[in-house]
Every structure is written in structure tokens, then in C-alpha cells.
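Accompanying notes for the structure given below.
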Amino acid sequence: MRHVVKRAIKKAFHEIAVEQGIKKIKTEPFEISIPKDEKFGHFSSNLAMVKASLLQRSPKEIANMLEKKLIQNELFESVESAGPGFLNIRIKPDFWVEHMNEIFTSGKSYGRVQVGHDEKVIVEFVSANPTGPLHIGHGRGAVIGDALARILDYAGYKVHTEYYINDIGLQMENLGRSILVRLSELKGEVLKEQPPYKGNYITEIANEYKNSQGKTLVNEDDENVISDAARFAAENILKGITSDLNEFGISFNKWYPESWLHANNKIEQAIEMLTRSGQIYNRDGALWIKTDSQGDEKDRVVKRANGINTYLAADIAYHKSKIDRGFTKFINIWGADHHGYVPRMRAVMVALGENPDNMIVRLVQLVSLKKDGEGIAMSTRDGVFTTLREIMDEVGVDATRFFFLMRSSDSQMEFDVELAKKQSSENPVYYIQYAHARCCNLFVTAKEKNIKQIAFSKVKREALYNADAQKLIRKILQFPDIVSICARSFQAHPVTQYLTEVATLLHYYYRHNRVVTEDEDATQARLCLIQATMITLKNGLNILGIKAPEQM
RNA sequence: GCGCCCGUAGCUCAGAUGGAUAGAGUAUCGGACUCCGAAUCCGGAGGUCGCAGGUUCGAAUCCUGCCGGGCGCACCA
């Protein structure tokens with residue numbers, strides 16, 4: 001609907017420009033917005049103000065000229081120039097109703113848009129080290145990545161999701177060592193050292209490890225034992241992460257292990273390639289990559305003098321594999337503590353021959369935790385954290401997902417555990433789900449009264465001309481716009497806000513307009529509106545990965 | 001010290017590319033079911049948009065400088 005209006009305004013403006021003796025004129029950029037206050041119309045445009053200097057007329061004059069042109073358009077109920085030069089436009093009620101067709105013909109696909117043009121995009125998220133269970137910070141990144149992937153798919157991208165597993169390196173060694181420390185503790189020995197990872201889950205895994213080894217155990221000083229224990233623990237932890245995520249409604253197209261890159265020589269190949277192109281050089285026995293092109297403070301080491309590759313080296317190879325696999329947009333959901341890593345990775349993309357802007361990094365601010373009025377710092381190493389599983393079990397999957405999605409990712413958020421539990425029955429997500437369930441229930445009621453729904457095209461529409469219905473119709477017709485805003489800005493949270501607004505209008509409508517009545521024509525028309533709303537709510541919840549229950 | 005994010009109602013947070021009287025949820029106060037589910041609806045109260053300058057027809061939004069909070073600044077990942 002917005003672009004229909006836009007086209008009409010453009011046309012009118014061109015006519016005026018010609019009348020003023022200006023032949024070539026650009027109308028863009030200008031705005032068609034939906035005013036907060038309905039008295040300013042359904043749409044309003046700032047075109048007259050934007051173009052005032054160009055036509056050498058006052059904004060007010062131009063707005064008046066546009067008004068005269070546009071009022072002749074049969075689409076519009078009213079056109080008014082107002083304020084400093086706004087153009088406020090109202091669409092005829094029946095035209096809004098007519099537009100509902102789009103919802104019925106699209107059905108499950110209503111809201112799909114084409115901003116992606118089938119471009120291949122990879123969304124990498126979570127990618128937490130398999131050294132401990134996921135905590136709520138990971139949970140936030142997980143939901144944001146998952147919802148974004150769903151939205152991009154809905155917006156016409158070819159989406160691939162991936163979890164990168166850091167199953168190699170120092171952290172793995174620490175994990176293995178932690179297991180061995182707990183192992184000797186289980187045997188009743190006095191601890192010689194503190195384990196690098198201190199959480200209770202380490203002891204549990206150590207126990208399982210012991211049982212899996214039978215009686216032929218183990219000389220803790222053996223390096224092979226460390227890596228063996230690490231492998232055992234990582235597999236165990238990864239299983240837990242996978243099932244937590246599954247229960248949280250999240251799965252990946254691919255789990256990509258760092259060890260695969262090593263085993264297949266991908267890191268050496270990448271280093272070799274960049275050495276040949278002059279991006280990597282030798283200094284003091286180590287290999288360095290140039291990264292200052294994108295504002296990084298200094299060049300970075302990829303291979304240490306002792307011959308061991310750094311984490312960055314593996315990440316270079318990993319991103320090279322993304323490019324090699326044909327993706328053209330690369331979305332990385334990272335914790336905000338990685339923001340210093342962004343410039344060097346942009347530089348890496350440039351070195352690999354990519355436009356760095358094709359790598360979109362969403363930094364998810366950390367979740368701080370409030371319990372009993374006090375803040376708790378979270379640390380996997382110290383074993384102090386609230387796990388995603390605890391929150392899921394306490395608050396529920398849908399509410400937890402919605403809670404994370406309500407906030408923009410670059411806003412820090414405080415997760416007050418007590419409050420989240422207490423509010424669980426009044427969480428906005430239930431408000432939206434209830435609206436959906438209400439819609440479903442109306443069809444149950446209609447069925448009980450033996451009312452058979454007829455096709456929208458055959459419905460008498462008068463009942464949809466009243467103000468309550470019109471408000472709701474206008475809102476649900478906005479849905480495709482919301483999807484494209486989210487896809488363009490790579491954010492999910494506008495959807496939550498939008499769905500709350502739809503639910504509000506639905507509840508209001510329900511309270512003030514009886515849907516199923518003796519008046520058959522009106523009932524049919526209203527049922528269509530309810531169905532259209534239901535479709536919108538369901539599709540909207542769907543792209544957030546939240547259930548749309550038929551009853552609650 | 002340098003860099004990134006944040007500062008909006010009592011609390012938790014929205015306000016895309018600058019637009020008309022700054023919004024939602026929650027908390028609080030008052031009201032609404034003989035009627036399709038009251039997990040709902042209606043109304044009241046609640047704000048120097050951290051502070052100070054600047055840019056312009058117009059700034060919560062852009063620029064500069066402060067103040068406050070978080071996070072980074074490795075041959076760790």
C-alpha cells in the first residue's frame with residue numbers, strides 16, 4: 001500500500017515540476033511515513049519540505065499544489081497539506097479492505113518479501129567453546145541469530161546457519177587438564193592445582209570418563225591422556241549444548257569443527273595463499289597478517305615462532321571456506337566482548353578479496369544477571385553462571401525467546417531472574433499468543449453455530465468499514481514492511497513490537513465488536529478480518545520461532 | 001590513555017534513513033463480565049530524552065566537549 005501511495009505522489013510531483021518549467025527532477029529521496037497520530041492521516045509525506053529549495057517555493061505552496069493534484073485520485077478519501085508542509089493522506093476504507101486479498105492469497109507466505117534476491121547468506125552464531133554448558137548470554141545470541149536467519153529466509157535470502165566449534169587449542173587443553181584434576185580428586189588425592197575450569201559439571205564428566213575407562217587408568221602426567229580426556233569432555237559437553245539448543249528451538253544446517261580445518265590442511269593453504277599475495281609476512285620468526293587497512297591498531301600474528309597457529313589463523317581459513325562455498329553475505333553474531341576483533345576480521349575479508357561490508361557483525365551485548373538484588377558476573381572458567389537450561393525450565397522457551405528478542409541486540413540487558421519468573425504469566429508473549437488463540441476460538445464458536453465461512457471475494461464488506469476494523473486492517477497490512485525493515489537492518493526486535501501492536505488492536509476489536517452474531521453478512525466479513533489477523537500473528541510468531549497456540 | 005556500546009516514565013526497554021503533542025510493557029490509582037475465553041478492555045497519574053554547546057525551517061536522533069555505566073585494547077580463544 002505504501003508504494004502505491006508513493007507512486008501517486010511521485011506522479012503528481014512530476015506534473016507540477018513540468019508545469020513549473022523544470023523538466024528533469026529527482027523526487028527521491030523523500031519519506032512516506034505512517035503518522036503516530038491518526039488525525040494526520042494514514043500516510044504522510046515530507047516531499048514538499050524536502051523539495052522546497054529546489055522549486056524555489058515555500059513548502060506550504062508545494063504541498064498545496066500536490067494536494068490539488070492528488071485529491072483527484074479515486075484511491076484517496078482525503079488529502080490535506082498541514083503543518084510546515086506535510087501532506088496527509090487518507091485511503092478510502094474499501095481500498096484497505098480490498099488489499100486484504102493479499103493476506104488470503106499468500107496465506108502461510110503472507111509477509112514474505114524479496115529484499116534478498118536469493119542471495120546466499122551464511123549466519124554463524126553461538127559458536128561457544130565446548131568447555132561448558134551454555135549460559136544465558138549464549139542464549140541471547142542464539143535466539144537473535146536464529147530469528148535473524150528465519151527473517152532473512154522470509155525476506156528472500158538463501159540462508160545457511162552454522163555453529164563453529166573451537167575444538168582445538170589451549171582451551172581444549174585446559175578442559176582436559178580440568179578433567180584430570182577432578183579425576184585425581186575422585187581417587188581421594190589431594191589437589192595439586194586448581195582446575196582451569198571450576199564448574200561442577202567437570203566433576204560429573206570426570207566421573208563418566210572414569211567409568212568409561214574401566215580399571216585400566218591412567219597416568220595423569222601423560223600428554224595423550226590430557227587430549228583424550230579433552231576429547232571425551234568436549235563431546236559430552238557438545239551433546240548437552242546440542243540438546244539444550246534443540247529444546248530452545250534452534251538447530252543448525254552445519255556444525256563446523258575447527259579441527260576439520262586442521263585435518264584437511266586448510267589453515268596452511270590459507271596462510272600460503274596470503275603469503276603469496278603479500279598479505280602475510282615474516283617477522284621475528286613469526287608470521288603476521290596485515291590488518292591496519294580496516295583501522296586495526298597493529299598487524300596480528302597468525303603463526304607463532306614455535307610453529308603453532310593462532311586462533312586467528314583458523315578463523316581466516318574458516319572465513320575463506322565461507323567464501324569458497326559461494327556465500328556472498330556473511331553474518332556473524334558475536335558477544336560484545338569480541339568487538340575489538342571486528343577490524344582485524346574486516347581486514348581479513350579484504351585480504352581474501354571480499355568487500356568487508358559483506359561481513360555483517362552483530363555484536364550482542366552481554367547479559368548481566370541480577371539475583372536477589374545483586375549483580376552476578378558470569379564466567380565459564382570460574383563456573384559461575386546461570387545456564388540457558390535453568391532459564392528455559394524456569395521461564396519457558398517461548399517467553400525466554402521473546403524476552404531476548406524484545407531488546408535490540410546492542411543494548412545491554414539485565415536479566416532479573418526473580419522478575420522473569422514472577423512475570424512469566426504476564427509476559428508480553430502470552431498477550432500475543434492469547435490474541436492468536438482468541439482468533440482460533442472464534443472459529444470454534446462459529447462452527448458450533450453451524451456457520452460456514454465463505455470466500456473473501458464473496459463477502460459483503462460493510463462491517464469492515466468501521467473505525468476499529470479499519471485500524472486493525474491497516475496494522476496487519478503493515479507486516480511485509482516490518483519484515484523488510486528487519487531484513488535490511490539485520491535485526492529481529494521490531495517484529496516483537498509490531499506483534500504487540502497487532503495483538504492490542506485485536507483485543508480491542510474483540511472487546512468492542514461482537515464477531516459472531518445473527519447478522520450473517522457481518523459475521524462473514526468479521527470472520528475474514530479475524531482470519532487475516534490470525535495469519536499475520538502466526539506468521540509473525542513463526543519468524544521469531546515462537547509457537548502460535550490454538551488454545552492456552 | 002585509546003576504541004566500541006549504552007544513558008529516554010518508579011522499573012525493564014522501543015523510538016531505521018532528522019519531522020508535527022516522545023511511546024510500549026510493568027508497577028501504581030480508578031472503572032468494565034446475565035454477552036464469542038477477564039491471560040482481556042477503558043480511564044487517570046507518571047518525562048529538564050545524562051549535562052553543555054553547535055548544525056537548520058525542525059534534533060531523543062547528526063557534530064563537538066564533558067559526566068556516568070558496561071566491554072575491549074595478546075604470539076588466549
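Predicted, not measured: the structure shown is a model, and the values here were computed from it. Below, chains carry the letters A, B, ... as their sequence lines are ordered, and counting in each starts from 1.
A donor-acceptor contact under 3.5 Å links the side chain of N88(A) to the base of A20(B). Remark: the H339(A) side chain and the G3(B) base include a donor-acceptor N/O pair separated by less than 3.5 Å. Residue Q412(A) places a side-chain atom within donor-acceptor reach of the base of G69(B), judged by atom type and a 3.5 Å distance cut-off alone.
Taken residue by residue, residues 497-508 of chain A places heavy atoms nearer than 4.0 Å to RNA chain B at Q497(A), H507(A), Y508(A). Annotation: proximity of residues 445-454 of chain A to RNA chain B (heavy atom, distance under 4.0 Å) is found for T445(A), numbered in ascending order. Applying a 4.0 Å cut-off to non-hydrogen atoms, the residues of residues 307-321 of chain A that approach RNA chain B are T310(A), Y311(A), listed by residue number.
Comparing atom distances between the Q171(A) side chain and each of A20(B), C76(B), C13(B) picks out C76(B) as nearest. With A77(B), G15(B), C76(B) as the choices, the nucleotide that has an atom nearest any side-chain atom of R344(A) turns out to be A77(B). Each of C75(B), A20(B), A14(B) was ranked by its minimum atom distance to the side chain of S411(A); first place goes to A14(B). With A16(B), A74(B), C5(B) as the candidates, the nucleotide lying closest to the side chain of I485(A) is A16(B). Relative to the side chain of R514(A), the nucleotides A77(B), C36(B), A14(B) differ in distance, and C36(B) lies closest. Among C36(B), C71(B), A77(B), the nucleotide with an atom closest to any side-chain atom of Y510(A) is C36(B).
Closest-nucleotide positions on RNA chain B for S408(A) and N306(A) were compared, and the one nearer the 5' end corresponds to S408(A). Mapping Y509(A) and S45(A) onto RNA chain B via the closest heavy atom, the residue that lands nearer the 5' end is S45(A).
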Checking ring-ring contact (aromatic ring centres under 6.0 Å, His included) for the pair Y164(A)/Y318(A): CA distance, chi angles, key distance, verdict? CA-CA 9 Å; Y164(A) 179 60; Y318(A) 178 44; 4.1 Å; yes
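The side-chain hydrogen bond (donor to acceptor under 3.5 Å, both in side chains) contacts involving residues 441-454 of chain A comprise Q453(A)-Q531(A), where partners must be two or more places apart or lie in separate chains. Among pairs with a residue in residues 503-517 of chain A, none fulfils salt bridge (charged side-chain N to carboxylate O under 4.0 Å, His left out), at least two apart in sequence or across chains.
Using a 4.0 Å cut-off, no side-chain N or O of K298(A) falls inside it from OP1 or OP2 of C2(B). Note on R511(A): a side-chain N or O is less than 4.0 Å away from OP1 or OP2 of A38(B). Taking side-chain N and O atoms only, H338(A) has no distance below 4.0 Å to OP1 or OP2 of C4(B).
Across the protein-nucleic acid pair, R362(A) atom CZ and C6(B) atom P stand 10 Å apart, rounded to whole Å.
Comment: E297(A) does not engage R344(A) in a salt bridge, judged by the lack of any side-chain N to carboxylate O separation of less than 4.0 angstrom.
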Watson-Crick and G-U pairing of RNA chain B written in dot-bracket, each distance under 3.5 angstrom, with | for inter-strand partners: (((((((..((((.....[...)))).(((((.......))))).....(((((..]....))))))))))))....
